[in-house]
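Note sheet for the following structure.
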Amino acid sequence: MMVGQRLRQEGMSETQIEHFQQALKITQELREEIRERAHRLQWKVLDALQSQGLSEIHLNGSTGYGYGDCGRELLDRVFARLFGSQAALARLQFVSGTHAIACGLFGNLRPGQEMVCLTGDPYDTLATVIGLGNPGPGSLAEWGVSYRQLDLLDHGLDLDGIASFLRPQTRLVFLQRSRGYAWRNSLTVGQLGRAIERVRACCPQALIMVDNCYGELVEDHEPTQVGADLVAGSLIKNLGGTLAASGGYLAGTELAVEAASYRLTAPGIGGEQGASFGFSRSLLQGLFQAPIVVGQALEGAVWASCFLELEGYEVGPRWDQPRTDIVQAVKLGSPEAQAAFCKGIQSSGPVDSGATPESWVQPGYRDRILMAGGTFVAGSSLELSADCPVRAPYIAYLQGGISLGHVQLGVVRAVKRLSMLQNN
Ligand SMILES: *Cc1c(COP(=O)(O)O)cnc(C)c1O
């Protein structure tokens, strides 16, 4: 068999080749469902593009202030439509997902008010934005915004704890959909919706914001469609479809998005400026392709979860557990194993495949992070990539890949590197 031959060339044992094929069989039905959903979502994206009258003229760019850039304005409207929200900002000028989230927070909070997170520790880079444990320069804490968090329970959100946790000065309630760098399940849009209902009932003055990173287009609905006032994320993750060269987005109510826009640019200017430099084409085309790429990345994650478990690794989520992000975690147990795993993923990338990933403390992160990704867009994690925070229990977070086949090759090479380590 052709695939078998290729896998033997890759140095896989007969047992590993059997696991490879078994994982395909076991996950077949679920992967078909994922493909069907991807097709449904592509129709939804197409409807959004057509409803706003996308035309050749929108693909041209602007420079300077970017006044009246019709492509940029259309992209904002398409995002709003897709999220079923009043407004959106999808911009190159957001340097990352963290930046978009920070604009949402600073735009909508004022000194003396309180932010509450209902999903335990927020993502690493948000700790410095909030000023968690250290009211560092420029943080919300330094500015006089206080913060408290309600930890997740083993089975998910602490729904019954919400009412007594929120207070009259709670202005912003924050929820993180994806697992981040934590060994926990991602939260489904349905679970987020139930939490949002509780918050509304006891704390009607609160603005509800969701960190939507890695979750976009994984389910049929987005958090804005179950009551979230604001969502934010990165365009070099799901919604950029691997074609966006940079950027982030916010979507939500007119008021919340406008307030955030004054932090992206300046009060009074908001979303009216921002040149697109000719990148509108790749942002729009990336969005059009995003459901398909996300679907392939998900198929890859499901297959990888099953294959890695057959190979004896502890995985999260297991292949048939509900998923609402594209991230597949695998417990590796040592920094050496993380390095081997990352080397295997890196060697499967189209760019810089010969490089050896080295860990470093990136701005905003607590621990050293080892990152593998031979990607066309630097740091893009809808392209095949792996991140390993170098801290116990030494987990690799695998995500992205434009095809199931690419994910498979990456995981095969990662597993081969891990077996070489064990045989040493
Ligand atoms: C990726 C991510 C972010 C933001 O990361 P950037 O690298 O700044 O784009 C925030 N929250 C979660 C859960 C993420 O996965």
Side-chain angles (χ1 to χ4, degrees), residues 89-106 115 117-130 132 140 149 152 157 174-189 191-192 209-218 222-223 228 230-242 244-251 260 263-264 283 286 294 297-298 301 316-317 323-329 360-367 369-373 375 377-383 385-389 395-400:
L89 279 176
R91 300 298 173 97
L92 289 174
Q93 283 80 11
F94 286 120
V95 299
S96 65
T98 303
H99 183 202
I101 295 167
C103 288
L105 295 173
F106 276 95
M115 166 182 176
C117 179
L118 299 181
T119 48
D121 289 336
Y123 188 71
D124 290 45
T125 56
L126 295 179
T128 40
V129 172
I130 295 165
L132 248 181
L140 285 168
Q149 69 182 47
L152 289 169
L157 284 155
F174 193 79
L175 296 142
Q176 180 182 309
R177 179 174 177 184
S178 172
R179 71 201 56 245
Y181 290 149
W183 189 260
R184 65 126 158 134
N185 286 329
S186 52
L187 297 171
T188 65
V189 172
Q191 288 166 331
L192 292 172
M209 177 171 182
V210 176
D211 173 352
N212 207 28
C213 282
Y214 282 138
E216 304 92 346
L217 301 172
V218 174
E222 297 296 331
L230 193 61
V231 291
S234 164
L235 291 184
I236 63 170
K237 294 181 179 173
N238 302 16
L239 289 179
T242 72
S246 184
Y249 76 92
L250 286 155
R263 293 296 161 187
L264 169 62
L283 296 183
V294 169
L298 275 171
R323 274 167 207 267
T324 187
D325 66 13
I326 60 168
V327 183
Q328 178 61 48
W360 63 299
V361 181
Q362 296 179 57
Y365 287 86
R366 276 186 290 149
D367 300 289
I369 314 256
L370 189 61
M371 286 197 176
T375 56
V377 170
S380 163
S381 45
L382 182 57
E383 297 181 60
S385 51
D387 307 355
C388 299
I395 296 166
Y397 296 91
L398 173 76
Q399 67 269 317

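Atoms within each ligand, like the ligands themselves, are counted from 1 in listed order. Excluded from the calculations below are hydrogen atoms, water molecules and symmetry mates; all remaining heavy atoms, backbone and side chain alike, are included. None of the values given here were measured: they were computed from a predicted structure.
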### N/O separation below 3.5 Å, Gly97 to ligand 1
yes
## Note on the structure
Heavy atoms of Cys213 and Ile101 approach each other most closely as SG-CD1, 4.5 Å
### Query
Going by the order shown, which atoms of ligand 1 are within less than 4.0 Å of some heavy atom of Ser234?
9 (O)
### Query
What protein heavy atom is closest to atom 7 (O) of ligand 1, reported as residue, atom name and distance in Å?
Tyr365 OH, 4.1 Å
#### Entry: Member of Leu118, Leu187, Asn212 meeting the side chain to side chain contact (heavy atoms under 4.5 Å, CB included) criterion with Leu192
Leu187
### Whether Lys237 lies under 4.0 Å from ligand 1, heavy atom
yes
### Message
Does either side chain, that of Thr324 or that of Ser186, offer a donor lying less than 3.5 Å from an acceptor on the other one?
### Response
no
### Message
Check this for me - ligand 1, Tyr123, N or O atoms closer than 3.5 angstrom, yes or no?
### Response
no
### Summary
ligand 1 to Tyr214, heavy atom cutoff 4.0 Å, flagged ligand atoms 15 (O)
### Query
Is Asp211 in polar range of ligand 1, meaning some N or O pair under 3.5 Å apart?
yes
### Task
Determine whether the side chain, the backbone, both or neither of Gln176 has a heavy atom under 4.0 Å from any heavy atom of ligand 1.
side chain
### Non-hydrogen atoms of Arg177 and Val189 that approach each other most closely
NH2-CG2, 3.6 Å
#### Entry: Parallel, tilted or perpendicular: rings of Tyr365 and Tyr123 (30°, 60°)
perpendicular
### Query
Between Ser381 and Tyr214, does any side-chain donor sit less than 3.5 Å from a side-chain acceptor?
yes
### Message
For a quick check under 3.5 Å, do Asp367 and Tyr181 share a side-chain donor-acceptor pair by atom type?
### Response
no
### Query
Does Thr98, backbone or side chain, put an N or O under 3.5 Å from an N or O of ligand 1?
yes
